[in-house]
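A quick write-up on the structure given underneath.
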Amino acid sequence: MDFLQNLCKKILSIVAHTALTITGAFTMLLSLGGFLSGQLIGGGIVLLLGFAMTAIGTRSLWYPGYKEKQAEKKQLQNIKNTSLESGTAQPVTDFAQDSYQKAVSDFNALNGIIRQLQDQELAEQLKKMQGIALRMINYMKEHPDKISMADQFINYYQDRALSLSEQFLEFEQMGISTPEVSAIKIKTKHTLESFDEAYEAQFSRMLTDKMLEVESELKVAQQIMSDAGIQNTSEAPESHRTPEASTATTAYRTPDAGDMRASSPPAMELPDITLENNPFSIDRPFDTGMPADDYPCRSRQKEHRRPRGRFQK
């Protein structure tokens, strides 16, 4: 029943939009008669009315794409302000300012590449990385003294993500589908799949001092409650317990020989880690000893020029 109702609604919607479009087009044609007869005001009103009817009638054709593009622009919004201002008496160093400008420049350049990519899988992965990068850059702006801890993210991970994405886009624009080109494109996508985890690890490294500060405040609060005779009876989830808490709350009993024989689990075989199944490896397909001019995908003229990081050879 619902299927029939939805089908009838779609049919009626198509008929109504088609009729409105035809009526609007016919109305705009009638406005030409008003202009030819010298009735400019009347002809202009009829023309606007016909245009509005045609736009509403064809809304189902152009509005979804327009809405999608607007959402994409909001998601890939560039960072315009590249100047740092310290919130403390300590001035912003030249190193922090240069590093922040490079991070913003590479972030905006990567947004431009995402808008041109045809491969949606790679585009979605890069958008995920950009979401983490945006939070990191905003944190850098609020805490310029932490920028030195993001040096590896700025000069290697984000820089390399931009470089690999540029190479991938060049392959797409060349329109070559040889096995060698397809293989290097797949390898590039596979390499960038792990970069969001690397971004998060770098962000967590920047937040180390903040986490230590919160941990210290929590210990003080627990000590004050303990001195006041207040006991926290609720237990934290096992996944959130610290090693100290697990040791303190677990009763230890020395097992006898019979218990050890009864409860000893069978030995587990661990698979060998190879280059193919290593989850912690960051592949670098373009780190070769070839000269820059020998790369088949190297463009001689780049619109985006950026300084090379100290982590690159």
Side-chain angles (χ1 to χ4, degrees), residues 70-115 122-166 192-224 236-237 239-240 242 282 303-312:
Q70 290 298 112
E72 184 178 353
K73 286 182 180 179
K74 290 181 180 179
Q75 186 178 6
L76 299 176
Q77 187 174 5
N78 290 349
I79 302 175
K80 297 180 180 180
N81 189 5
T82 59
S83 61
L84 287 176
E85 296 180 0
S86 178
T88 62
Q90 185 177 4
V92 177
T93 62
D94 294 338
F95 170 80
Q97 182 64 50
D98 294 341
S99 298
Y100 180 77
Q101 288 180 352
K102 175 174 171 54
V104 171
S105 176
D106 289 352
F107 178 87
N108 293 337
L110 195 53
N111 275 348
I113 292 177
I114 294 174
R115 295 188 182 99
L122 180 58
E124 291 300 323
Q125 173 63 18
L126 292 176
K127 289 177 183 178
K128 184 191 301 183
M129 293 161 52
Q130 288 292 83
I132 304 172
L134 180 61
R135 294 194 295 271
M136 292 182 66
I137 293 174
N138 289 335
Y139 187 80
M140 293 179 202
K141 186 173 182 61
E142 297 175 359
H143 305 85
D145 56 314
K146 305 296 183 184
I147 292 180
S148 59
M149 303 181 69
D151 187 54
Q152 191 174 12
F153 160 75
I154 298 171
N155 292 302
Y156 180 77
Y157 286 112
Q158 186 176 242
D159 186 274
R160 185 52 53 90
L162 176 59
S163 176
L164 294 178
S165 301
E166 285 178 344
L192 291 173
E193 284 178 357
S194 304
F195 268 50
D196 58 320
E197 299 177 8
Y199 278 26
E200 290 181 348
Q202 291 293 304
F203 198 8
S204 178
R205 183 169 176 262
M206 292 178 63
L207 299 175
T208 300
D209 294 343
K210 186 69 175 179
M211 290 187 290
L212 291 176
E213 181 182 347
V214 174
E215 183 70 23
S216 177
E217 292 182 2
L218 290 174
K219 289 182 179 179
V220 172
Q222 292 173 357
Q223 184 63 39
I224 292 175
S239 60
H240 294 172
T242 59
I282 299 295
E303 294 183 0
H304 176 71
R305 301 289 182 179
R306 61 190 188 282
R308 310 305 294 173
R310 65 185 182 87
F311 283 89
Q312 298 172 339

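All residue numbers in this chain count up from 1 along the given sequence.
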>> Lys141: which residues meet the side-chain contact (heavy atoms from CB on, under 4.5 Å) condition with it, sequence neighbours left out?
In response: Asn81, Leu84, Tyr100

>> Tell me every residue that passes side-chain hydrogen bond (donor to acceptor under 3.5 Å, both in side chains) with Glu217, counting only those two or more places apart in sequence or in another chain.
In response: none

>> Using 0.5 Å steps for rounding, measure from the OG1 atom of Thr208 to the NZ atom of Lys146.
In response: 8.5 Å

>> I'd like to check the ring-ring contact (aromatic ring centres under 6.0 Å, His included) partners of Phe107; sequence neighbours left out, ordered by chain and number.
In response: none

> Minimum heavy-atom separation for Tyr157 to Ala198, with atom names?
Replying inline: CE2-CB, 3.5 Å

>> Could you work out, with side-chain contact (heavy atoms from CB on, under 4.5 Å) as the rule, every residue matching Gln101, not counting sequence neighbours?
In response: Thr82, Gln97, Asp98

> Where do Ala133 and Phe153 come nearest, in terms of heavy atoms and distance?
Replying inline: CB-CZ, 3.9 Å

>> List the residues meeting side-chain contact (heavy atoms from CB on, under 4.5 Å) with Glu193, not counting sequence neighbours, and say none if there are none.
In response: His190

>> Does either side chain, that of Asn155 or that of Asp159, offer a donor lying less than 3.5 Å from an acceptor on the other one?
In response: no

> Taking all atoms of both residues into account, what is the closest heavy-atom pair of Tyr199 and Met136, and its distance?
Replying inline: O-SD, 3.6 Å

>> Do Asp145 and Val92 have side chains that approach each other closer than 4.5 Å (heavy atoms only, starting at C-beta)?
In response: no

>> Can you give me the closest heavy-atom contact between Ala103 and Ile137, atom names plus distance?
In response: O-CD1, 3.7 Å

>> How long is the straight-line distance from CE of Met206 back to CD of Gln202, given to the nearest 0.5 Å?
In response: 9.0 Å

> Sequence neighbours excluded, which residues qualify as side-chain contact (heavy atoms from CB on, under 4.5 Å) partners of Ser165?
Replying inline: Leu110, Ile113, Leu126, Leu192

